[in-house]
Amino acid sequence: MSGEQSNLSIQDEISAAILQVLHDAHSQLNCDIPTSLTLERPKNRDHGDYATSIALALSKPSGIAPRKIAEIIVAGLQVRNDIAALEIAGPGFVNITLDKSSQGGVIANILTAGKSFGYGNKLNGIAINLEFISANPTGPLHLGHTRWAAVGDALGRVLSAAGAKVTREFYINDRGVQMDKFGASLQSAALGEPRPEDGYHGAYIDDLSKEIVASNPAVLKLSGEEQTFAFRDIGYKLQLAQQQSVLDKFGTRFDVWFSEKSLYDNGFFMHCQEVLKSKGHVFEDGGAIWLRTTDFGDDKDRVMVKSDGSMAYFASDSAYYISKRERGFEICIYMLGADHHGYTGRLKALAACNGDDPEYNVEILIGQMVKIMEGGEEVKLSKRAGTIITLEELVEKVGVDAARYTLIRYPVDTPMVMDVDILRSRTNENPVYYVQYAHARICAVLRNATDIGIKYGADLIHPELLVHERERELIGALGEFPRVVAGAAELREPHRVARYVEELAGVYHRFYADCRVLPLGDETPSELHSARATLCSATAQVIANGLDLLGVSAPEKM
RNA sequence: GCGCCUGUAGCUCAGUCGGAUAGAGCAACCGCCUUCUAAGCGGUAGGCCGCAGGUUCGAUUCCUGCCAGGCGCGCCA
């Protein structure tokens, strides 16, 4: 935690000042004053460094002409010495141009905070359970899982950066008939028999069965069901380990690997059923035990215990949710594939049945489908047929950074198309290279600066020298980062960080083209060189921090 | 039939409480390396923001209806 001073950016100070001015004019305005206000960054540079349209918004409730309100704001801000110019434009926009020297504060903040620049306290202390991927341990992770592997991990990082206490959790579906089918498939593969029709058919089953036999030759001596279970259990361990290893290489980290099976240990499920029963939403019908989720808007009630006494999948869902709540998580985030969006209703209703607030305690993010193109054609995905693109294959094709970055830079509710050919080619058709290149470029400049004895650092900012339009743009963009991170966390949209970092890279490239950083030839090193090099190092820091939140590397050389 | 998501430039897509002339990358065309990484920069061209209404000072954004596409709607997991 840094002190109050450094947490308050220049735009926060000014927006607070504007709110204060409006409050002071309350008797005149005679309407509700908003509690917070975000300064906009106008696209058009002629409109200053920041702008606000609050005067237009307050015009109606106060019954006062917008330009009149703008005048009040401008009058109230005149006294500030960190503002160079104030202008009322159009129907009542207030355009603010910062004083040169006040812009330097951003650079100082970045250099002081270093790796933690951008981190904030918007979600301070909130215990969040972030569940993602949650694949069956019966095969490799495929493309749908991969989207969440990247986005879920990035969201975890972003939420943590906003101060939340995040636990990343992978729910292992290690129970039920699909596990037995898995065991039977492995068994038949090992024995050279035809696979069960409803079993798993991918080529990996052959490999896995060989691995099982090689490491545990004794399985061949077993027979019948005993042998099926042995294949199932050993295969499960190996397959899970394979998933874990792939995710580890992908840079996706989990705090908890939660076994579905464990929900039935030590009577935990019975406990959950009692909890729900005590809240009055459990009933029996046709020999089955149900949860009356229709009490809270679900389409139909859900079976927990089937009439034959076996557990329905929803039994596990219920127990798992209660486990999360009993472990102290305030917010449970579920990241589900589009083919599971029908879950929203029942999960929200489940929370309500437990006496929780479904709007607050449960959040469900639905990730739309990912298509993959190669050679101009869509690669069809079919797990049963075994022609799947796995996470591992994708990484082999395009590398971790390109795969992660591409998956993260789109909002998850957009269906997306990944073109392997483009991602494979190392050109800036792939935005990740554009961003990484900016970072590497800065590092090269700074290496050269050091070589020729140009110093840079927090005591050499010289904001009064950084007056070039490109410099001001760059400083302004750097100052946006904390706000972007906070917004990404609050809206659960890590792609905002990616888009920001692309924007920042672009601003830097333009700065680089127009503003020579290091002395030319035998030119004498000046304070401007140091100031620009310092600005470069601040930029590198922010790009690195942004990429780090995405789990993408920031190379020093390319 | 019901529900969720999507529809913005030739392509892939951004666009947070409604804001000023709707953006980026790629593809096309024209320029820029005798000195910091050209994986870069500048410029030109490219748009009925799916369609139709509504709300208002103002709508790509909010509301309603429609059209098109994707995905779901088990005592499966």
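Every chain is numbered from 1, with letters handed out A, B, ... down the list of sequences.
Checked by atom type, the side-chain pair Asn173(A)/Gln178(A) shows no donor-acceptor distance below 3.5 Å. Under the 3.5 Å distance criterion, with hydrogens and angles disregarded, a donor-acceptor pair is assigned to the side chains of Glu502(A) and Tyr405(A). Counting only N and O atoms by type, the side chains of Thr344(A) and Tyr334(A) include no donor and acceptor under 3.5 Å apart.
Sorted by residue number, the members of residues 515-537 of chain A with any non-hydrogen atom under 4.0 Å from RNA chain B read Cys515(A), Arg516(A), Val517(A), Leu518(A), Leu520(A), Gly521(A). RNA chain B is contacted by Tyr410(A), Pro411(A) of residues 403-411 of chain A, taking any non-hydrogen atom closer than 4.0 Å. Contacts with RNA chain B (heavy atom under 4.0 Å) in residues 285-300 of chain A: Asp285(A), Gly286(A), Ala288(A), Trp290(A), Lys300(A), listed by number.
Mapping Val305(A) and Asp514(A) onto RNA chain B via the closest heavy atom, the residue that lands nearer the 5' end is Asp514(A). A residue-by-residue look at Arg302(A) and Asp317(A) shows that Arg302(A) has its nearest nucleotide of RNA chain B further toward the 5' end.
Comparing the P positions of G7(B) and A28(B) gives a spacing of 27 Å, expressed to the nearest Å. Spacing of C1' atoms, G69(B) relative to C51(B), comes out at 15 Å, to the nearest Å. Nucleotides C26(B) and U64(B) place their P atoms 39 Å apart, quoted to the nearest Å. Rounded to the nearest Å, the gap between the P atom of C5(B) and that of C62(B) is 11 Å. Rounded to whole Å, the separation between the P atoms of A39(B) and A14(B) comes to 28 Å. Look at the C1' atom in both G53(B) and G46(B): the space between them is 30 Å, to the nearest Å. Taking atom C1' on both nucleotides, U56(B) is separated from G42(B) by 41 Å, rounded to a whole Å. One P atom belongs to G74(B), the other to G65(B), and the distance between them is 25 Å to the nearest Å.
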Could you summarise the pairing of RNA chain B as dot-bracket text, marking Watson-Crick and G-U pairs under 3.5 Å with ( ) or [ ] inside the strand and | across strands?
(((((((..((((.....[...)))).(((((.......))))).....(((((..]....))))))))))))....

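The backbone N or O of Leu29(A) lies less than 3.5 Å from no partner atom in the side chain of Ser62(A), so there is not a single donor-acceptor pair. With Gln239(A) contributing its side chain and Gly139(A) its backbone, the two residues share a donor-acceptor pair below 3.5 Å.
In this entry the base of C4(B) is anti relative to its sugar, with a glycosidic angle more than 90° from 0. Look at C30(B): its glycosidic torsion is beyond 90° from 0, and that puts it in the anti range.
Under the 4.5 Å side-chain criterion, counting only non-hydrogen atoms from C-beta, Leu394(A) is in contact with Ile372(A). Glu260(A) is listed as a side-chain neighbour of Tyr171(A), based on a closest heavy-atom distance under 4.5 Å. Two residues are said to be in side-chain contact when any heavy atoms from C-beta on lie closer than 4.5 Å; Ile96(A) and Ile18(A) meet this criterion.
Between the CZ atom of Arg492(A) and the C1' atom of U16(B) there is a distance of 14 Å, rounded to whole Å. Taking atom CZ of residue Arg346(A) and atom C1' of nucleotide C4(B), one finds them 13 Å apart after rounding to whole Å. One interatomic measurement links the two molecules: CG of Leu491(A) to P of U16(B), which rounds to 10 Å at whole-angstrom precision. If you measure from atom CZ of Arg510(A) to atom C1' of G23(B), you get 11 Å, rounded to the nearest angstrom. Atom CG of Asp301(A) is separated from atom P of G74(B) by 13 Å (rounded to the nearest Å). Put simply, NZ on Lys60(A) is 5 Å from P on C57(B), counting in whole angstrom units. Regarding Arg441(A), its CZ atom lies at a distance of 8 Å from the P atom of A39(B), rounded to whole Å. To the nearest angstrom, P of A14(B) lies 11 Å from CD of Glu502(A).
Contact record, Ile331(A) with Tyr360(A): CG1-O, 3.8 Å, taken as the closest heavy-atom pair. Pairing each heavy atom of Val485(A) with each of Ala161(A), the nearest pair is CG1-CB, 4.0 Å. Val282(A) and Gln273(A) get closest at one heavy-atom pair: CG2-O, 4.2 Å. For the pair Asp49(A) and Arg41(A), the tightest heavy-atom approach, listed with the atom from each and the gap, is O-NH1, 3.3 Å. Summarising the geometry of His439(A) relative to Ala544(A), their closest heavy-atom pair is NE2-CB, 3.9 Å, with the distance given to 0.1 Å. Closest approach of Ala319(A) to Cys272(A), counting heavy atoms only: CA-SG, 3.7 Å.
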Under 4.0 Å protein heavy-atom contacts per nucleotide of nucleotides 17-22 of chain B, with B for base, S for backbone only and - for none:
B-BBB-

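At a cut-off of 3.5 angstrom, the base of C4(B) holds no donor-acceptor pair with the side chain of Thr344(A).
Between Phe258(A) and the choices Tyr320(A), Tyr321(A), Phe132(A), the ring-ring contact (aromatic ring centres under 6.0 Å, His included) rule is met once, by Tyr320(A).
The cationic atom of Arg441(A) (NZ for Lys, CZ for Arg) does not lie both less than 6.0 Å from the six-membered ring centre of Tyr508(A) and within 45° of the ring axis.
In this structure, the nucleotide among C75(B), A38(B), C41(B) sitting nearest to the side chain of Tyr437(A) is A38(B). Ranking C41(B), C75(B), U37(B) by closeness to the Ala440(A) side chain, first place goes to U37(B).
Residue side chain Tyr512(A) fails the stacking definition with respect to C41(B), as its ring centre and the base's six-membered ring centre are not both under 5.5 angstrom apart and under 30 degrees in plane angle.
Between atom CD1 of residue Ile442(A) and atom OH of residue Tyr437(A) there is a gap of 11.5 Å, rounded to the nearest 0.5 Å. Note that the CZ atom of Arg302(A) and the OG1 atom of Thr293(A) stand 5.5 Å from one another [nearest 0.5 Å].
Note on Asn448(A): only backbone sugar-phosphate atoms sit closer than 4.0 angstrom, heavy atoms only; bases stay farther off. Using a 4.0 Å heavy-atom distance criterion, Glu556(A) is classed as a base contact. Heavy atoms of Val445(A) sit under 4.0 angstrom from at least one base atom. Using a 4.0 Å heavy-atom distance criterion, Met416(A) is classed as a sugar-phosphate-only contact.
Side-chain nitrogen and oxygen atoms of Ser310(A) include none within less than 4.0 Å of the OP1 or OP2 phosphate oxygen of C75(B).
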Would you please test Arg483(A) and Glu480(A) for salt bridge (charged side-chain N to carboxylate O under 4.0 Å, His left out) and show each step?
CA-CA 5 Å; Arg483(A) 216 195 273 178; Glu480(A) 290 299 295; 3.6 Å; yes

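With respect to the salt-bridge test (charged N to carboxylate O, under 4.0 angstrom), the residues Glu473(A) and Arg470(A) qualify.
In this pair, Tyr264(A) and Phe269(A) present their aromatic rings tilted. The plane angle is within the 30 to 60° band.
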Protein-nucleic acid N or O pairs under 3.5 Å, nucleotides 67-72 of chain B:
| residue | atom | partner | partner atom | Å |
| --- | --- | --- | --- | --- |
| C71(B) | O2' | Ala338(A) | O | 3.1 |

